[in-house]
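Worksheet: one structure, shown below.
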Amino acid sequence: MNEKRRILLKNSFAAGATGIVIGTGLLTPKAALAAWPKAAFEAKDSKSALQAEFGSSTLIPSNDIKLKAPDIAENGAVVPVTITSNIPDIDSISIVVQHNTWPIAATFKLGPTTDGYISTRIKMGKTSDVTAVVKAGGKLYSTTKNVKVTIGGCGG
Amino acid sequence: MSRSSIKVRAKVKNGKAKVKMLISHPMETGLRKNKKTKKLIPAHFIQEVVCEHDGTKVLDAEWNATISKNPFLSFSFNGAKPGDSIKISWVDNTGKSDSTEVKMR
């Protein structure tokens, strides 16, 4: 128990330190990557992350999004996630893992000819809800699935 | 680097291209510790992956460190024909980058 708490403390400290380093501009490549949504990606809870990324955290549950992920992920370091959606005019697809240190895993901005289909692999620290957020026509649609993780894949 | 860090397979069927890629990258979150030195391994992860079809951007992926080590990504788009080129490029948080261009089959 104590061990776990220490790891947690260290993790949060590490995240804080990264923030400071970035803040002071020591990591210069940040400037070149102005497009990378730092505020959203480094937000600690999914609500403020969504707020920073999309300017809104209101999600509309939708049956038009299919989120394929395992019910139980044996290895949290590699969790395959596939999102398929037939909502027209999709701007972007995001993967949000509620209980990860940084909830937003990725945002995929789709071109006009690109299908509403993304398949990738993510890391999960512990059992959590995984949410697929699809932005289309200025609205945010979502589908959530709970994924149980037996071995975490984030900390050491 | 003689060998590209990106492996791409792109196939076209009835005008629809399905692209699969594997990138070799450590994707360190910055939260992991080196077991021997007890020091934190600095964050090192891909932040952006851009896919272009004959010069037109079809996918712009912004990644957090949450994406798994040696990332896999698959997506599809319309309006493609065999022989078209697909260019994949990535940039990580240390400013390193790589890109590759292949002809679709």
Side-chain angles (χ1 to χ4, degrees), chain A residues 7 10-15 17-18 21-22 27-33 35-38 40-42 49 53 75-80 82 92-97 100-125 153-156, chain B residues 15-23 27-54 56-80 90-97:
Chain A
I7 289 169
K10 268 176 187 154
N11 281 359
S12 48
F13 169 72
T18 337
V21 171
I22 292 161
L27 286 175
T28 38
K30 288 280 171 193
L33 273 167
W36 199 69
K38 194 162 80 86
F41 276 17
E42 284 174 0
E53 175 80 8
N75 184 355
V78 186
V79 183
T82 302
S92 72
I93 297 178
S94 298
I95 304 171
V96 180
V97 186
N100 265 4
T101 313
W102 304 299
I104 294 198
T107 296
F108 299 93
K109 290 186 179 151
L110 310 186
T113 56
T114 313
D115 291 329
Y117 163 78
I118 287 292
S119 181
T120 189
R121 298 191 293 222
I122 59 167
K123 287 179 237 175
M124 286 178 67
C154 271
Chain B
K16 189 189 277 276
K18 190 163 185 192
V19 185
K20 288 179 185 177
M21 70 188 91
L22 264 175
I23 306 172
M27 296 301 282
E28 282 296 344
T29 57
L31 305 176
R32 240 154 52 92
K33 266 199 300 184
N34 182 325
K35 285 200 174 89
K36 277 180 194 151
T37 61
K38 302 272 161 81
K39 271 188 189 152
L40 282 167
I41 302 166
H44 186 200
F45 58 94
I46 296 177
Q47 290 187 317
E48 195 172 14
V49 182
V50 176
C51 310
E52 285 162 297
H53 163 231
D54 277 347
T56 317
K57 204 187 265 189
V58 285
L59 183 77
D60 183 349
E62 285 154 358
W63 283 359
N64 210 340
T66 322
I67 301 292
S68 297
K69 180 181 171 181
N70 297 335
F72 165 78
L73 172 63
S74 171
F75 71 101
S76 69
F77 62 92
N78 297 298
W90 59 258
V91 185
D92 70 19
N93 67 328
T94 62
K96 277 191 200 139
S97 64

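Letters go in sequence order (proteins before strands), and every chain restarts at 1. The structure displayed is predicted, hence computed values, not measured ones.
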* So, do B:Phe75 and A:Leu110 sit near enough that their side-chain heavy atoms are less than 4.5 Å apart? ->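 Side chain of B:Phe75 against side chain of A:Leu110, heavy atoms only: no contact under 4.5 Å found.
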
Is [X] in contact with chain A via its backbone, its side chain, both, or neither, using a 4.5 Å heavy-atom distance?
{"X": "B:Ala65", "result": "both"}
{"X": "B:Lys16", "result": "side chain"}
{"X": "B:Leu22", "result": "side chain"}

* Do you know the tightest heavy-atom contact between A:Val79 and B:Ser68? ->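 For A:Val79 and B:Ser68, the tightest heavy-atom pair comes out as N-OG, 4.3 Å.
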
* Asked: Considering all heavy atoms of both residues, which atom of B:Val58 and which atom of A:Thr114 are nearest to each other, and what is their separation?
  ->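 So the minimum-distance heavy-atom pair works out to O-OG1, 2.5 Å.
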
* Testing B:Val49, B:Leu73, B:Asp60 for side chain to side chain contact (heavy atoms under 4.5 Å, CB included) with A:Phe108, which one passes? ->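 Exactly one option meets the side chain to side chain contact (heavy atoms under 4.5 Å, CB included) with A:Phe108, and it is B:Leu73.
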
* **Interface residue of largest heavy-atom contact number with chain A, from B:Cys51, B:Ala61, B:Ser76, under 4.5 Å** =>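 The option with the most such pairs is B:Ser76.
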
* Go through A:Thr107, A:Val97, A:Asp115 and name the one with the most non-hydrogen pairs under 4.5 angstrom from chain B. =>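 Ranked by heavy-atom pairs under 4.5 Å with chain B, first place is A:Asp115.
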
* Flag the one option from A:Thr82, A:Ile93, A:Val78 with the top tally of heavy-atom pairs under 4.5 Å to chain B. =>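 Among A:Thr82, A:Ile93, A:Val78, the one with the most close pairs to chain B is A:Val78.
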
Roughly how far, to the nearest 0.5 Å, is [atom2] of [Y] from [atom1] of [X]?
{"X": "B:Trp63", "Y": "A:Ile122", "atom1": "CH2", "atom2": "CD1", "answer": "12.0 Å"}
{"X": "A:Ile118", "Y": "B:Leu59", "atom1": "CD1", "atom2": "CG", "answer": "5.0 Å"}
{"X": "B:Met27", "Y": "A:Arg121", "atom1": "CE", "atom2": "CZ", "answer": "11.5 Å"}

* **Under 3.5 Å donor-acceptor, B:Thr66 side chain and A:Lys123 backbone** =>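 A pair under 3.5 Å: no.
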
